[in-house]
Amino acid sequence: MNALYRDLAQLAAAAERRPVPAKWRPGFHLAPPVGWLNDPNGLCKFGGLYHVFYQYAPFNARGGVKLWGHYESPDLLHWRQRPAALFPDEPFDCHGVYSGSALAEEDGLYLYYTGNVKLPESAGQSYDYITAGREHNTVLAYSPDGETFRSKRLLMENSDYPAGLTCHVRDPKVWKDRGRCYMLQGARTAENRGEALLFASEDRVHWSHVNTLTTQRPFGYMWECPDLYALDGTTVLSVSPQGVAREETRLQNLYQSGWFPLTGDYAGEYALGAFTEYDYGFDFYAPQTFSDGQRRLMIGWMGMPDVENEYTNPTVDLGWQYMLTVPRELAMEKGVLRQRPARELAALRSGCIAQTVAGRYEAPEQDVFDLELALESPVRVTVRDCAEIRWADGLLSLSFRDGGCGRTIRRARVDRLRNLRLLADASSLELFVNDGETVMTSLYYPAEGQKGLQVECAAGALSLWKMNPMEITR
Ligand code: FRU
């Protein structure tokens with residue numbers, strides 16, 4: 001056994017034994033047991049269980065060298081926290097087991113990820129870590145049972161990728177199509193353009209570059225966490241681009257996540273349509289999708305990299321930071337991609353209040369809830385005295401009075417309002433408007449004792465439930 005693996009596994013397990021205060025801990029979202037979480041990784045259903053891996057830095061709530069954390073569940077409601085699955089314990093991944101994906105096969109789980117290596121600077125040798133000084137290796141780890149993760153194998157290194165790229169090539173997403181394996185990786189070219197590299201393999205181990213997917217005009221300098229999937233007859237190319245200019249009512253964050261419709265053949269001649277953001281809130285990035293045999297589910301990182309100067313998360317002082325979104329069911333209806341909370345979550349609802357609202361409705365004790373509103377007129381929803389959601393004159397907004405910790409306002413154009421659904425957890429809000437056509441996700445931090453929900457509208461139908469916590473065992 002690799003000695004570094006054993007030491008890191010013991011240290012991580014020890015860090016996880018330290019209790020984390022209950023304040024702001026989510027009831028129905030997956031958060032790191034301790035420390036830092038970012039991208040969801042390796043999402044799959046295997047051996048009857050959902051597996052959620054994630055970028056995990058248990059030793060420091062502000063980040064650091066990444067492991068893969070691991071949760072599993074039979075039903076998306078009862079979760080088991082598993083020991084961290086992958087550690088930076090080889091020369092080819094010593095500065096982080098970066099993001100990647102899972103291929104669930106009959107004989108086991110094949111986990112593809114990026115081994116991050118940062119070469120040390122020395123006297124007379126300095127690096128920009130973009131064009132030099134960094135290795136992004138493609139690595140395959142294998143698990144026969146979803147419990148034990150061994151036998152790492154280096155598949156590709158930077159010299160195996162196509163010419164004309166920087167060192168930034170990462171986040172392999174692998175799937176099977178008609179018996180052939182495909183892998184998409186995010187890349188930054190030497191001209192600072194984002195693109196997605198497509199590789200193909202007959203045996204899951206030997207890969208060759210077969211295509212490059214990108215826009216006709218440059219769209220950002222780097223594409224992270226690419227994904228490609230068929231959704232109700234549309235081929236969707238999903239990316240998290242960096243370096244796209246901010247706008248007033250879209251693309252408001254430092255980095256984006258969204259999708260292009262792809263026509264033609266992704267492994268041959270293709271064209272990309274217009275880019276649509278998945279989410280207009282403050283905290284949504286690097287989502288990954290998978291099929292559980294019934295439907296396509298997406299989970300995103302409820303967070304945003306590199307925004308410390310814009311907004312912060314006070315849970316850092318409590319020893320942890322960030323969480324994942326709820327699993328969202330995706331559907332494509334007439335070119336519109338809809339996201340709806342996984343239907344399983346309805347089982348957490350209790351104490352239904354259903355009534356019509358004309359004027360003002362108040363529920364002074366609510367804090368963790370699921371709210372549905374059917375209405376077509378301007379509306380204002382105030383949550384726990386610190387968050388406000390408004391729709392009027394074709395504009396939807398989410399803003400914070402306080403508790404946003406630097407989060408100000410996010411807007412989205414919504415011409416007509418039909419309904420909205422708000423999932424409010426202890427320190428997060430996920431807003432789904434018009435059956436999941438427009439979504440806003442944000443972290444927020446209400447003060448102790450700040451409770452209550454108010455809805456103001458001319459006329460609407462309201463359903464409100466308290467949300468019970470999911471069960472998370474260790
Ligand atoms: C996206 C990302 C990925 C990378 C990982 C490292 O948030 O930067 O591109 O693999 O995070 O944690």
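In listed order, ligands and their atoms are each counted from 1.
- By the 4.0 Å N-to-carboxylate-O rule, Asp279 lies close enough to Arg328 to be salt-bridged with it.
- Note: His136 and His168 have perpendicular aromatic rings, judged against thresholds of 30 and 60 degrees for the angle between ring planes.
- Cation-pi contact between Arg170 and Tyr98: absent, since separation from the ring centre below 6.0 Å together with deviation from the ring axis within 45° is not met.
- Using cut-offs of 30° and 60° for the angle between ring planes, the Phe219 and Trp223 rings count as perpendicular.
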Dump all N/O pairs between ligand 1 and the protein below 3.5 Å as a table: atom names plus distance, one pair per row.
from: ligand 1; atom 1: 7 (O); to: Asp39; atom 2: OD1; distance (Å): 2.8
from: ligand 1; atom 1: 7 (O); to: Asp39; atom 2: OD2; distance (Å): 3.3
from: ligand 1; atom 1: 8 (O); to: Glu224; atom 2: OE2; distance (Å): 2.8
from: ligand 1; atom 1: 9 (O); to: Arg170; atom 2: NE; distance (Å): 2.8
from: ligand 1; atom 1: 9 (O); to: Asp171; atom 2: OD1; distance (Å): 3.4
from: ligand 1; atom 1: 9 (O); to: Asp171; atom 2: OD2; distance (Å): 2.6
from: ligand 1; atom 1: 9 (O); to: Glu224; atom 2: OE2; distance (Å): 2.9
from: ligand 1; atom 1: 10 (O); to: Ser99; atom 2: N; distance (Å): 3.1
from: ligand 1; atom 1: 10 (O); to: Asp171; atom 2: OD1; distance (Å): 2.5
from: ligand 1; atom 1: 11 (O); to: Asn38; atom 2: ND2; distance (Å): 3.2
from: ligand 1; atom 1: 11 (O); to: Asp39; atom 2: OD2; distance (Å): 3.2
from: ligand 1; atom 1: 12 (O); to: Asn38; atom 2: ND2; distance (Å): 3.0
from: ligand 1; atom 1: 12 (O); to: Gln55; atom 2: OE1; distance (Å): 2.7
from: ligand 1; atom 1: 12 (O); to: Lys66; atom 2: NZ; distance (Å): 3.3

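- With sequence neighbours excluded, no residue forms a salt bridge (Lys or Arg N to Asp or Glu O under 4.0 Å) with Glu90.
- Checking Arg295, Arg338, Gln294 one by one against Glu329, the side-chain hydrogen bond (donor to acceptor under 3.5 Å, both in side chains) holds for a single residue, Arg295.
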